[in-house]
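Below you'll find the structure, written out as structure tokens, and then a few comments.
Positions are given from 1 along the sequence. All of these numbers come straight from a predicted model, not from anything done at the bench.
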Amino acid sequence: YGIAVDEKSVFWSGTGPVSYEGFLSFDGDTWRSFTPQTLPQLGDITSAYQIDIGAENSKWISTFGRGVVHLNSNNTIEHIFNTTNGLAYTENSSDNQVFVVVTGVVVDRNGEAWINVRQAADRNLLAIYSPLTDSFRYASYPTGTKVPILTNVIMDNYGTKWFTSVSDPGNSSPGLVFYDETKRLPRRIHANTGWGIITKDRDGLTDNEVNAVAIDNDGSLWVGTNQG
């Protein structure tokens, strides 16, 4: 599951979507466990699977069903975002009005957090939180198209967001999904959106199911699929 190293070289790890063991940190000497027993403000958040480092050494902890936890640099809870305060619920879940899966968070140069909500019922797959205004804006996936099942997000040097994805029965992964806020990149779904898709048949991907994306030191994008 997701791991990260923060600005103080502390290692962070999730424990899985249904582990009931929260998330962990290791500073080189001591392991620390974050669970409702050790951090009561977590409430019913008992598991986490993705950790991302944000502005000023904050941490964003993605959960499978209970939204996202934002820890400040002192590792105390700054926010918990879920269906009560800014995020849509995840479609096709057993507890539709509450269950929200967050699959990752990237933070841009302005300090805004781009929160990827898996299969958001209102199509707002990106919820963008501004700490300056303490408010959200959204990047809605275009209507008339099937909402892809996005599983992680990274951001390149130009601010474009790139996503991994999986297939489910009746909802095949469409390819390499991206979001370009400037609306300048080719392969966008239509001219009025920043959402776009790079595909196997049209663009030469080895497969449309994208399992991994990464940016190297030169700023190049690397894509891993089911076929390499």
- Message: Less than 4.5 Å apart, side chain to side chain, heavy atoms only: is that true for Val101 and Val117?
- Response: no
- Reported OG-to-CD1 distance for the pair Ser47 and Ile61, which is rounded to 0.5 angstrom: 12.0 Å
- Task: Could you point out which residue of Asn116, Thr151, Asn211, Thr103 forms a side chain to side chain donor-acceptor pair (under 3.5 Å) with Thr164?
- Result: Thr151
- Message: Using the side-chain contact (heavy atoms from CB on, under 4.5 Å) criterion, which residues pair with Ala139? Sequence neighbours excluded.
- Response: Leu126, Ile128, Tyr179, Trp195
- Message: Considering only residues two or more places apart or on different chains, which pairs with a residue in residues 67-79 satisfy side chain to side chain donor-acceptor pair (under 3.5 Å)?
- Response: Ser58-His70, Lys59-Asn75, His70-His79, Asn72-Thr76, Asn72-Glu78, His79-Tyr129
- Task: Group every Ile, Leu, Val, Met, Phe, Trp and Tyr by side-chain heavy-atom contacts under 4.5 Å, then state whether Ile154 and Leu125 land in the same group.
- Result: no
- Note on the structure: Ala88 and Asp122 have their tightest heavy-atom pair at CB-OD1, 3.1 Å
- Donor-acceptor pair, Lys183 side chain versus Asn192 backbone, under 3.5 Å? yes
- Query: So which heavy atom on Ser25 is nearest to which on Val10, and how close?
  - Reply: CB-CG1, 4.0 Å
- Task: Would you confirm whether Asp180, through its side chain, and Leu185, through its main-chain N or O, come within 3.5 Å as a donor-acceptor pair?
- Result: yes
- Task: Show your reasoning for whether side-chain hydrogen bond (donor to acceptor under 3.5 Å, both in side chains) applies to Asn82 and Thr84.
- Result: CA-CA 5 Å; Asn82 51 40; Thr84 69; 2.6 Å; yes
- Task: Please check if atom CZ in Arg184 has more than 12 non-hydrogen atoms from other residues, nucleotides or ligands closer than 6.0 Å.
- Result: no
- Item | Any side-chain heavy-atom pair of Lys161 and Val177 under 4.5 Å | no
- Could you pull out the closest heavy-atom pair between Phe163 and Leu150, with the gap in Å? CD2-CD1, 3.6 Å
- Does some side-chain heavy atom of Ser165 sit less than 4.5 Å from a side-chain heavy atom of Ile149? no
- Query: Does one hydrophobic cluster hold both Tyr141 and Met155, with members joined at side-chain heavy-atom distances below 4.5 Å?
  - Reply: yes
- Task: Begin from the C-alpha positions of Thr225 and Thr206 and carry the test side-chain hydrogen bond (donor to acceptor under 3.5 Å, both in side chains) through to its verdict.
- Result: CA-CA 7 Å; Thr225 76; Thr206 54; 2.5 Å; yes
- Task: Locate the shortest heavy-atom distance separating Val213 from Trp162; write the atom from each residue and the value.
- Result: CG2-O, 4.2 Å
- With hydrophobic residues grouped by side-chain heavy-atom distances under 4.5 Å, do Val107 and Val69 end up in a single group? no
- Task: Using modelled atom types only, decide if a donor and an acceptor are shared between the side chain of Ser167 and the backbone of Ser172 within a distance under 3.5 Å.
- Result: no
- Task: Given side-chain contact (heavy atoms from CB on, under 4.5 Å), test Thr145 with Arg123 step by step and report yes or no.
- Result: CA-CA 10 Å; Thr145 57; Arg123 307 182 77 89; 3.4 Å; yes
- Quick one: does Asp156's side chain have a donor or acceptor within less than 3.5 Å of a partner on Tyr158's backbone? yes
- Task: May I ask whether Leu39 and Trp12 are part of the same hydrophobic cluster, defined by side-chain heavy atoms of I, L, V, M, F, W, Y residues being less than 4.5 angstrom apart, directly or through others?
- Result: yes
- Rounded to the nearest 0.5 Å, how far apart are CZ of Arg118 and CG of Leu87? 15.5 Å
- Sidechain-backbone polar pair: Arg32 side chain, Asp27 backbone, donor-acceptor under 3.5 Å: no
- Query: Any chain of hydrophobic side-chain contacts (each under 4.5 Å) joining Leu71 to Trp60?
  - Reply: no
- Query: Do Phe178 and Leu221 have side chains that get closer than 4.5 Å, going by heavy atoms?
  - Reply: no
- Note on the structure: In short, Asn171 meets Val147 closest at the heavy-atom pair ND2-O, 3.0 Å
- Distance in Å, Gln50 CD paired with Thr63 OG1, rounded so as to fall on 0.5 Å steps: 12.0 Å
- Step by step, work out the side-chain contact (heavy atoms from CB on, under 4.5 Å) result for Arg187 and Arg202. CA-CA 10 Å; Arg187 300 300 188 231; Arg202 184 179 60 190; 3.4 Å; yes
- Side chains of Val166 and Glu209: closer than 4.5 Å at any heavy-atom pair? yes
- Note on the structure: Output for pair (Phe26 CZ, Leu24 CG), nearest 0.5 Å, gives 11.0 Å
- Query: CZ/Phe34 to CG/Leu42 distance, rounded to the nearest 0.5 angstrom?
  - Reply: 9.0 Å
- Message: Keeping Asp52 on the side-chain end and Val105 on the backbone end, is there a donor-acceptor pair under 3.5 Å?
- Response: yes
- CH2/Trp31: more than 12 non-hydrogen atoms of other groups inside 6.0 Å: yes
- Short question: side chain of Asn110, backbone of Glu112 - any donor-acceptor pair under 3.5 Å? no
- Distance from Thr193 atom OG1 to Glu181 atom CD, nearest 0.5 Å? 11.0 Å
- Considering non-hydrogen atoms only, spot the tightest contact between Val153 and Val106 and give its length. O-CG1, 3.7 Å
